[in-house]
2 protein chains.
Amino acid sequence: MPASPQLPADTARDTARAEGAPSFSPLYRQIKGLIIGGLQAGEWKAGEAIPSELELAARFGVSQGTVRKAVDELAAESVLVRRQGKGTFVATHAEQKIQYRFLRLVPDEGAESLGRQLLDCRRQRAPAAIARQLQMRSGDAMIEVRRLLHSKGQPVVLDDIWLPGALFKGLTAERLEQHRGPFYGLFEAEFGVHMIRAQEKIRAVAADAETAELLKVAVGAPLLSVERLSFTYGDKPVEFRRGLYSTATHFYRNELN
Amino acid sequence: MPASPQLPADTARDTARAEGAPSFSPLYRQIKGLIIGGLQAGEWKAGEAIPSELELAARFGVSQGTVRKAVDELAAESVLVRRQGKGTFVATHAEQKIQYRFLRLVPDEGAESLGRQLLDCRRQRAPAAIARQLQMRSGDAMIEVRRLLHSKGQPVVLDDIWLPGALFKGLTAERLEQHRGPFYGLFEAEFGVHMIRAQEKIRAVAADAETAELLKVAVGAPLLSVERLSFTYGDKPVEFRRGLYSTATHFYRNELN
DNA sequence: AAGTGGTCTAGACCACTCT
DNA sequence: GAGTGGTCTAGACCACTTG
């Protein structure tokens, strides 16, 4: 008999209901919430294995099948990664394979191996537009990072990244430069912030003078403007970035379903 | 005991194996293949209900749980749509809700209600580049459609659409003009061609003279170039289109996971 | 051989829709 | 009330990894 989580067959119904909110939370969703809680609490870190399904089932007082369904959803959301015979692991952006999980830029030909060049890393006050997106107050402490990505020596991406100062205390240009691999890997390892999902708004824009010089294109050249809002557990927005992509030798790849 | 499909516990292993191909097909994937077969054969049409899980389980000689897992995957791929209490339905692009399932263009403010303007619909020989994408031969019979999409009276999208002539026999400008809703709905209803998945390659480009006039922007203005290759069952490419999006009042929205 | 996730089954009951 | 999909359980066995 389930002990810790309440049974859906009992009194555990969600009686309070907002507009369109579900009227009923199945047991496996509650288990899913408990697992997410463990991840948020840092019980298991990025890349580590979580307990086996049978262990979790025993801990939560439910059957293996119920744990399995909870883990299935988390695996579908790329929060967890299953490996048959080995266990279930906390997903990480620092994986050797498939670097830059959120970067959809693909070269027209050949493989990718991006070089990074840090331009700037400074403390800033949040501009109103960015504060709103991150659910902060205008003027709150933030960190702004600017950097270039190069492919075969040519600059292809100019990123302007905004992070809440409260979450990324002690982030400096040195630490960013020392670190290998994507920033998101550093954020996980050093600050316990996992990016699990993001929204992008894409537009075509003309390069201004400063951008044109950095990306080595003509002033007025068409560029892809990619505004990304990244979320951690609980749909909490924790990063805003604006990328300008030069699409002469690369394209943005998307899959529709 | 399962009858029609072979049991994975028996001799049904995939013994032939290509590079990286799976060495083992679980029963539910075979069931999934049988359901897809029924869809391809036109046994159930777009928007119609397929048989209940218990019926399918009886037909295929497996348990309900195995059918359920097959349907789960097809629902995750948006090939089928489940509706509790009612049944499982063949997904359609002609739904009242969420028109234009593959169109990711969103207005900066307000709701969308797109007007369509057909520019051209003609028989053509396949250019080499397009034939290659559609796995056809250069010079094969094709139909080329050009059209504009308007939002609040302003042109926002210029589409150039290429379809294999063999699959869309009898497609004329009249039928395209008469039809209400997305083209993909017409393709399903009239030609039995379901688009279930697509890949897009996105770039920023400068408007040429003809495009500028049609979209009412300046020559050289930055536009989003969206090349879409659409697939039907069995990963068969059946449409290539190139859209030019004006992103002054709209943006391309994408979700990353 | 032991432990992990993956598959398959059978049965019970719940939530939702329609008649 | 009957029929649908949705949840949960318990148990058996398979596939894969590691010692």
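A note on names: the letters A, B, ... follow the listed sequences, proteins ahead of strands, and every chain is numbered from 1.
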Undergrad: May I have the distance from A:K69 (atom NZ) to D:dA10 (atom C1'), rounded to whole angstrom?
TA: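 So the NZ-C1' distance, A:K69 to D:dA10, works out to 17 Å.
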Undergrad: I want to confirm an ordering. Mapping A:R29 and A:Q64 to their closest nucleotides on DNA chain D, which one lands closer to the 5' end?
TA: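 Its nearest nucleotide being more 5', the pick is A:R29.
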Undergrad: Are side-chain heavy atoms of A:L80 and A:F89 found at a separation under 4.5 Å?
TA: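 No; the side chains remain at least 4.5 Å from each other.
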Undergrad: Would you mind reading off the distance between B:I50 atom CD1 and D:dG5 atom C1', rounded to a whole angstrom?
TA: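 Roughly 11 Å, once rounded to whole Å.
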Undergrad: Write down the distance between CZ (A:R83) and C1' (D:dT17), rounded to a whole number of angstrom.
TA: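 After rounding, the gap between these two atoms is 12 Å.
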Undergrad: In whole angstrom, what separates B:E73's CD from C:dC8's C1'?
TA: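 From B:E73 CD to C:dC8 C1': 15 Å.
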Undergrad: Using whole Å, report how far CG of B:L80 lies from P of D:dT4.
TA: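 Whole-Å distance recorded here is 16 Å.
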Undergrad: By side chain to side chain contact (heavy atoms under 4.5 Å, CB included), which residues pair with B:S63, not counting sequence neighbours?
TA: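 Scan of B:S63 (side chain to side chain contact (heavy atoms under 4.5 Å, CB included), adjacent residues dropped) gives B:T66.
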Undergrad: Considering heavy-atom distances to DNA chain D, does A:T66 or B:R68 have its closest nucleotide positioned more toward the 5' end?
TA: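 In this pair, the answer is B:R68.
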Undergrad: Rounding to a whole Å, what distance do you find between A:D72:CG and D:dT7:C1'?
TA: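 Answer to the nearest Å: 14 Å.
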Undergrad: Using a 4.0 Å heavy-atom cut-off, does B:Q84 contact any base of the nucleic acid, only the sugar-phosphate backbone, or nothing at all?
TA: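 Result for B:Q84 = base.
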Undergrad: Between C:dT4, D:dT7, C:dT7, which one does the side chain of A:S52 approach most closely?
TA: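 Of C:dT4, D:dT7, C:dT7, C:dT4 is nearest to the side chain of A:S52.
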Undergrad: Parallel, tilted or perpendicular for A:F168 and A:F187, by the 30°/60° rule?
TA: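 Ring orientation, 0 to 90° scale: perpendicular.
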Undergrad: Do B:E255 and A:R228 sit within salt-bridge range, that is, some charged N less than 4.0 Å from a carboxylate O?
TA: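 No salt bridge links B:E255 with A:R228.
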Undergrad: Can a side chain N or O of B:R82 be found less than 4.0 Å away from OP1 or OP2 on D:dG6?
TA: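 Yes, such a contact exists.
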Undergrad: What is the distance, to the nearest angstrom, from the CG atom on A:L54 to the P atom on D:dT9?
TA: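 Going from A:L54 (CG) to D:dT9 (P), I get 13 Å.
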Undergrad: Tell me: CZ of A:F60 to C1' of D:dT9, nearest whole Å?
TA: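 So the two atoms are 18 Å apart, to the nearest Å.
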Undergrad: Tell me whether A:R147 forms a cation-pi arrangement with A:F183, defined as NZ or CZ under 6.0 Å from the six-membered ring centre and within 45 degrees of its axis.
TA: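 Yes; both conditions hold, so A:R147 lies above the ring face of A:F183.
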Undergrad: Determine: side-chain N/O of A:K86 to OP1/OP2 of C:dG3, distance under 4.0 Å, yes or no.
TA: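 So the side-chain polar atoms of A:K86 never come under 4.0 Å of the phosphate oxygens OP1 or OP2 of C:dG3.
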Undergrad: Given C:dA10, is OP1 or OP2 found less than 4.0 Å from the side-chain N or O atoms of B:S63?
TA: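 No.
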